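What follows is a set of notes on a single structure, which appears directly below.
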Amino acid sequence: MTSPLLSVENITVSFDGFNALDGISLQLMPTSIRVLIGPNGAGKSTLLDAIIGHVRPSSGRVVFKGRDITHMEEYRIVRDGICRKFQAPGVLESLTVMDNLNLAARRRRECWRSFSRGVAGGTYEQAERVLKLIDLAGKRNLPAGQLSHGEKQWLEIGMVVASDAELLLLDEPAAGMSHGESEQTAALIRELSSQHSFLVIDHDMAFVDQLDAPVSVMHMGRMLKEGTLKEIRNDPQIAAIYLGRDKEASVA
Amino acid sequence: MKKRLELSFDAAMLAALALAPFYLSSYHLSLLGRFLALAILSLGISLIWGWGGILSLGQGVFWGLGAYVLAMHLKLTGLAPGDIPDFMMWSGLDHLPGWWRLFQSPLPALVGAIAIPAAVAAGLAWLVFDRRVRGVYFALITQALALAFSTLLISEQAYTGGFNGLTDFTTIFGRVIIDPGFQRGIYWITLATLALCFLGCRWILNASFGKVLLAIRDGESRVRFLGYNPAAYKTVAFALAGALAGLSGALYILHVGVISPAMVGVVPSIEMVIAVAVGGRASLPGVILGTLLVNFGKDWISSAMPEVWQLAMGLLFILVVTVLPQGLAGIPGAAARLFRPRRKRQEPEAPRREMRKGAAMAAQEKD
Amino acid sequence: MRSLLNRYVKLAVLCLCGLGVCGASSAQNGTVKVGVLHSLSGTMAISEVTVKNATLLAIDQVNASGGVLGKKIVPVIEDGASDPAIFSQKAQKLIQQDRVVTVFGGWTSASRKAMLPVFERFHSLLWYPVQFEGNECSSNIMYSGAQPNQQILPALDWAFEKGKKRIFLLGSDYVFPRTANLILKKHIVQGGGTVVGEEYVPLGGTDFSSIITKIEIAKPDAVFSTLNGDSNVSFFKQLAAAGITQARMPVMSFSIAEQEAKSMGPSLVNGSFAAWNYFQSLNNPDNKKFIAAYKSKYGKDAVLDDPMVHGYVDVLIWAAAVKKAGSFDPNAVRKAATELGWTDSPMGQVKFADNQSLYQTAYVGQLQPDGQFKVLWQSKGALRPEPYDALAFPGKRCVVK
Amino acid sequence: MGHAAIIAGQAFNGVSVASILLLTALGLALSFGVMNVINMAHGEMLMVGGYLAYVASRIAHGPMAFLLALLLSFLGATLLGALLELTVIQRLYGRPLDTLLATWGVSLILQQGARSLFGAIGVEVVAPRWLNGSFAVHSGAFAGLSLPYVRIFIVALTAVVLVSLMLFIARTRWGLYLRAVHQDREMAQALGVNTRWVDLAVFAVGTGVAGLAGAALALIAPVTPTVGQNYVVYAFLVVIVGGMGSLLGTALAALSIGLITAGAQMFTSVSLADVLLLVLVIVFIQFRPQGIVFKRSRVMKEA
Amino acid sequence: MLSVEGVSADYGKSRVLESIDLTIDPGESVTLLGRNGVGKTTLLRTIVGLHPAAAGKIAFAGENVTRSPAYLRARKGIGYVPQGRGIFPHLTVSENLRLGAAAARQGPIPDHVYDLFPVLSRLSQRKGGVLSGGEQQQLAIARAMVSQPRLLILDEPTEGIQPSIVQQIEETLREIRGRLKVAILLVEQYLDFAWSIADRFYVMRRGRIVEQGSPRDSDPTGIHHLLGV
């Protein structure tokens with residue numbers, strides 16, 4: 001029995017007295033995928049924020065690789081091996097596509113190691129590999145600001161992948177993608193899950209289905225249920241609050 | 001081919017500047033020399049502002065620190081043994097303060113002129129950036145710093161020469177300042193230093209450091225979530241700019257022979273930024289050109305029509321910022337765009353959106 | 001694109017360098033250029049513009065009487081912009097570029113200190129018209145403004161005579177006030193008085209509330225003020241608002257002359273004291289002529305004061321010295337200037353001492369409601385200028401090569 | 001003069017210094033909080049107010065003439081502010097650092113303009129006779145304390161301006177618009193609030209209040225082309241310490257800075273007190289980088 | 001009532017709306033469907049005037065409003081309930097409502113608003129920021145209704161709201177459309193709800209309208225396919 005890679009323990013986050021997260025717990029094993037679903041405003045993105053240190057929980061703790069990271073600086077958490085893709089694409093607009101990937105792929109992120117001109121061992125290859133993976137090789141020298149919305153989305157997934165972190169947090173990776181593209185994305189995530197763990201938020205049930213992974217349902221800042229997509233679909237309580245209003249999911 | 005052409009231009013330009021002592025009048029040579037020294041400071045401003053998005057209205061402080069440290073050394077070298085500088089005498093001091101002795105020999109003075117401003121810049125930057133204070137807030141704090149620095153210099157007359165500052169140097173590193181050959185030597189040293197700093201900046205900006213800095217300007221928070229600590233990068237950039245400023249200040253007084261609080265306060269600090277804005281904040285050759293043009297322009301206009309100088313300067317600020325945000329370096333690009341079919345202009349609403357974002361993140365950044 | 005930019009930038013730099021080649025110019029036959037270098041902008045413009053005017057008036061007068069050595073004087077006016085570095089830069093320009101034979105200008109010690117190396121390097125001559133803290137004598141500067149022993153010390157003697165022994169020293173934060181006060185302190189103690197306070201405000205400072213509280217606590221017999229420019233207005237206004245009258249606690253100012261009194265409104269400073277080497281109210285023929293000439297050139301509301309007169313007299317003495325030397329050569333001129341002997345001037349008889357400072361008379365005046373000073377006291381004859389105060393700086397002597 | 005009187009007197013001095021700072025900073029805080037605009041020419045609005053008070057005092061005479069001068073200063077600075085907003089600021093929304101530079105240019109032009117119009121030498125506004133003298137305590141613990149009427153007037157004027165602004169913002173329709181724009185500019189617009197007008201009004205009123213400050217300052221100091229420069233840097237510090245766009249925070253910050261300065265000046269020189277103040281501000285932001293008053297909300301968090 | 005002809009919009013340098021055509025008749029209820037990120041919100045923002053149209057024409061009530069600022073469009077009768085509700089957190093409920101009334105140059109808050117949302121009268125002195133999500137959503141709709149709009153634009157009004165409140169909101173929208181005869185443009189992912197209230201629907205994909213029709217003569221499964229399920 002291995003120990004969990006990530007363990008979120010009883011976390012509460014509040015804004016203006018309103019609990020965005022209300023005693024959430026979650027465990028994630030190495031090289032596994034977990035999908036988070038739930039209506040908008042259920043607190044999924046806030047959970048990712050809390051894991052990566054973007055918001056600080058008022059109680060509870062986050063443990064990563066056996067270490068308490070609840071109050072660690074964001075950039076240290078990332079260096080420790082968690083990388084996140086945000087909902088809105090956050091590419092670095094004045095850098096080229098390749099530089100975006102290079103920055104993400106770099107292992108030597110300390111300031112004092114950033115003056116060497118060459119790219120450190122393996123970084124460049126990693127970035128090249130990801131560039132092909134996300135199919136932007138033709139635009140490698142284009143400033144990222146000139147990409148289309150979808151391409152930015154791809155680039156940002158690419159950046160997260162290039163970071164080679166042990167835990168990748170993906171907030172709606174398939175949003176804005178066509179059917180085929182989201183299938184590709186799912187395949188990519190499955191393939192990479194042999195080395196990385198993923199925590200994925202998405203609304204698209206077809207995409208979730210392709211990920212073929214355990215699903216956690218969030219609602220009003222709480223964890224409602226965990227199980228396979230099938231179990232979730234058959235849960236009457238969840239159907240009432242979530243799937244019930246989303247006919248497409250039950251059809252799919 | 002293109003590369004070779006560019007290289008030959010580089011060489012021609014450097015040659016033109018290097019040969020300036022042979023065809024420029026002595027007065028213009030001395031102006032060119034001091035403005036080239038200022039251009040070193042401008043490179044630093046370009047580094048933090050053009051690339052890192054950090055606007056400092058207090059560069060005069062670091063420039064002044066460099067200048068004062070070297071000036072202290074020059075003041076000491078001109079003294080007979082056991083003597084103290086004149087202003088100490090008429091301020092009531094009868095012996096040299098211990099910390100002045102630090103700069104008695106040339107090496108500590110030279111190192112200090114670069115290291116002290118760099119260290120002060122790093123300290124301030126770390127205190128402020130680590131608390132994620134940035135943008136306008138940082139600019140205003142540095143402005144207050146410039147004010148406090150000049151006030152402090154004036155009020156500590158016994159140690160700093162007060163309002164008069166430090167002047168009347170006779171020898172530098174054993175050479176007599178009045179010697180015309182010395183003047184040329186200083187000019188060439190300045191030019192060589194500028195060239196080195198230019199290459200150094202280009203190298204740093206082409207290295208990952210420059211990429212991260214640019215990335216921080218684009219989205220500080222995004223960079224943090226790639227595992228970089230923006231505060232550290234910004235602090236280092238600011239310290240580098242501080243070092244360049246100190247070096248620039250030290251070279252400047254070799255040309256001018258005087259440093260005083262009036263040259264380091266709020267107004268000169270802003271003028272330094274404006275020269276960079278005119279040249280184009282993110283273009284290294286641009287900021288050098290901007291510095292030369294603004295300062296030669298100032299010399300020329302203020303001679304021809306003293307009353308108009310402030311008006312001209314004011315209009316220049318407004319025009320550069322509103323019409324030509326990329327400065328002179330933006331002109332070729334703007335010209336090129338004129339001849340290219342272009343998309344419809346953004347309506348005013350679009351920047352509004354950014355503005356709200358700006359308001360919300362002013363003190364504490366957000367995503 | 002990038003190379004286009006580079007090329008563009010570099011071409012521009014080349015053009016700039018070329019600029020310098022055609023910059024030089026030389027004086028025409030029949031004229032001779034002199035530099036007039038004052039702050040026409042920035043904080044010091046307030047004081048220096050009128051000095052520039054007086055200097056130009058004197059140049060007009062010399063030209064009207066046929067010029068010097070058969071040449072008409074052409075003034076080249078430059079703006080020092082209240083910035084010492086610019087003073088130094090412009091001084092260099094005047095000497096090297098415009099080839100002026102001498103320069104009239106400067107006000108703050110900072111500007112003079114910054115120009116000094118330039119004049120020494122190019123062996124030129126500066127005429128400096130303002131009272132200052134002494135402790136300097138360069139052979140390339142003619143110091144016509146008062147030395148400390150010609151203004152502040154006579155004022156102290158006068159105060160002691162009047163029984164004012166508890167003195168509060170107040171000044172703007174720069175070199176003249178600090179050094180003047182250092183000298184004053186030595187003399188106050190030596191004369192049996194007490195220094196009950198010493199305060200400085202930054203130049204241009206407008207808030208005196210704390211300082212007035214300190215003055216009220218210290219209860220001095222008199223305040224010796226070396227406040228500069230606008231700060232005086234704030235100080236006197238706030239003093240009046242706090243209910244402190246001149247009768248209860250008089251202020252002796254070393255930087256308030258008729259100009260300042262006029263701009264402050266005489267009612268505000270009415271009854272306060274000042275020490276100078278010239279007051280507009282001085283009754284002598286030269287002064288009457290000077291006042292009339294100035295008013296006809298600059299308007300009848302114009303007032304005159306000490307630094308202006310020095311700026312004016314400097315030009316006249318320079319012209320006389322040139323005539324005596326028969327040459328514009330700075331070295332010959334400065335020697336000739338010290339050998340001219342006593343000259344009548346609006347401030348009385350003056351002459352340059354061999355230390356290149358001016359023999360002149362000290363006056364203490366009290367401000368009247370009409371904005372003029374009533375002369376209460378004057379020194380016995382013209383005082384010899386002493387750049388180094390013997391009490392404060394023993395052993396220092398001025399040697400001009 | 002007893003210790004109590006000295007302390008009370010210095011506290012009052014601090015409050016009176018704070019008053020002018022506050023009048024200057026109010027406009028900055030408003031335009032910065034609502035529009036994210038930094039107006040470096042704000043100090044020149046102080047100057048304009050002062051010169052207008054001077055002009056008014058030349059035209060009108062009598063005991064109430066100074067009130068007229070206040071009105072003229074306010075209106076004149078308001079108009080100038082509106083003009084500035086329409087010509088320069090409006091083009092620079094969303095680029096706060098650029099507004100800073102452009103308005104610095106404006107301030108140079110205004111300074112030179114004043115110099116050409118009124119001369120480099122300062123002009124003076126004579127306080128009306130009813131402001132001469134001071135309120136003096138002759139007995140008791142505070143014996144010797146004397147509070148000049150001019151300073152009392154300035155403090156009172158500031159209080160009136162602050163309270164009216166607060167009431168205006170809390171009670172009126174325009175105040176409601178202003179708060180809405182401050183919290184969510186887009187939504188306010190989508191509900192039909194003409195944000196252009198709100199921006200213009202906020203900016204103009206802010207400069208108008210600075211004009212008032214200039215007229216008030218003219219009672220105790222001369223009006224010179226550069227009078228604003230001395231105040232504006234400190235006013236910016238007030239805004240930084242006070243927190244974004246909060247009148248209450250600005251008022252508290254101005255008060256603290258005034259009192260600290262007055263206190264420090266008793267123990268050290270004026271220059272060192274200034275330096276000390278900056279050090280304290282930098283220490284302060286270590287603990288509260290967002291200023292004294294900062295409203296944290298989910299909306300702003302997500303913005 | 002509203003006609004959108006060939007409207008395109010950019011976000012930064014990338015085009016997010018491509019030549020959109022869309023019309024709404026007076027009193028009609030139209031639903032805009034599509035997955036996340038296809039540009040629905042941008043289209044609504046473009047119609048409301050918060051995002052510039054790069055090309056094309058938007059007309060409201062016969063007037064070309066393509067270049068009108070948002071506040072003028074609001075005054076002409078476009079009510080907007082944005083995604084995330086856009087409640088002013090530091091204003092009270094009644095101030096939020098007054099803002100809707102005042103800005104559109106209307107008089108006092110009409111009574112029918114409190115009729116529609118009785119809960120609001122109880123909460124009128126509470127700050128907007130402390131309301132629950134459902135209460136905020138009701139306030140947002142009420143605020144838009146205060147100005148008595150002729151077209152009400154709603155961006156995912158049921159997002160993150162408890163089912164019981166969703167039902168209330170549904171009923172309210174029916175009433176707004178039925179009794180008050182206000183046209184509705186709705187972006188909704190909850191297909192049942194969207195289907196039940198819509199007279200017509202549009203489907204967007206990658207910045208374009210790819211399908212339109214009426215629920216009565218369309219097969220929901222076909223729509224599902226279009227939505228990329």
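Quick caveat, the model's predicted, so the values are computed rather than measured. Every chain is numbered from 1, with letters handed out A, B, ... down the list of sequences.
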Inset, instruction - Measure across E:Y71 and D:V193 and return the closest heavy-atom pair with its distance rounded to 0.1 Å. - result: CB-O, 3.1 Å
Legend entry - Pairs involving residues 171-183 of chain E, ordered by first then second residue, that meet side-chain hydrogen bond (donor to acceptor under 3.5 Å, both in side chains) (sequence neighbours left out): E:R174-E:S196, E:E175-E:R179, E:R177-E:D199
Legend entry - Atom of D:Q189, atom of E:A74 and distance for their closest heavy-atom approach: O-CB, 4.3 Å
Legend entry - Euclidean distance, E:R45 CZ relative to D:E186 CD, rounded to 0.5 Å: 4.0 Å
Legend entry - Distance in Å, D:Q183 CD paired with E:L91 CG, rounded so as to fall on 0.5 Å steps: 4.5 Å
Legend entry - Over 12 foreign heavy atoms within 6.0 Å of CZ, E:R200: yes
Inset, instruction - Could you walk me through whether E:R98 and D:R173 pass the side chain to side chain contact (heavy atoms under 4.5 Å, CB included) test, one step at a time? - result: CA-CA 9 Å; E:R98 258 173 47 214; D:R173 195 168 76 156; 6.0 Å; no
Legend entry - Nearest-0.5 Å distance, CG of residue D:D184 to CD1 of residue E:I87: 9.5 Å
Inset, instruction - Supply the atom-to-atom distance E:L50 CG to D:M187 CE, rounded to the nearest 0.5 angstrom. - result: 8.0 Å
Inset, instruction - Output the distance between atom OH (E:Y80) and atom CG (D:L191), rounded to the nearest 0.5 Å. - result: 10.5 Å
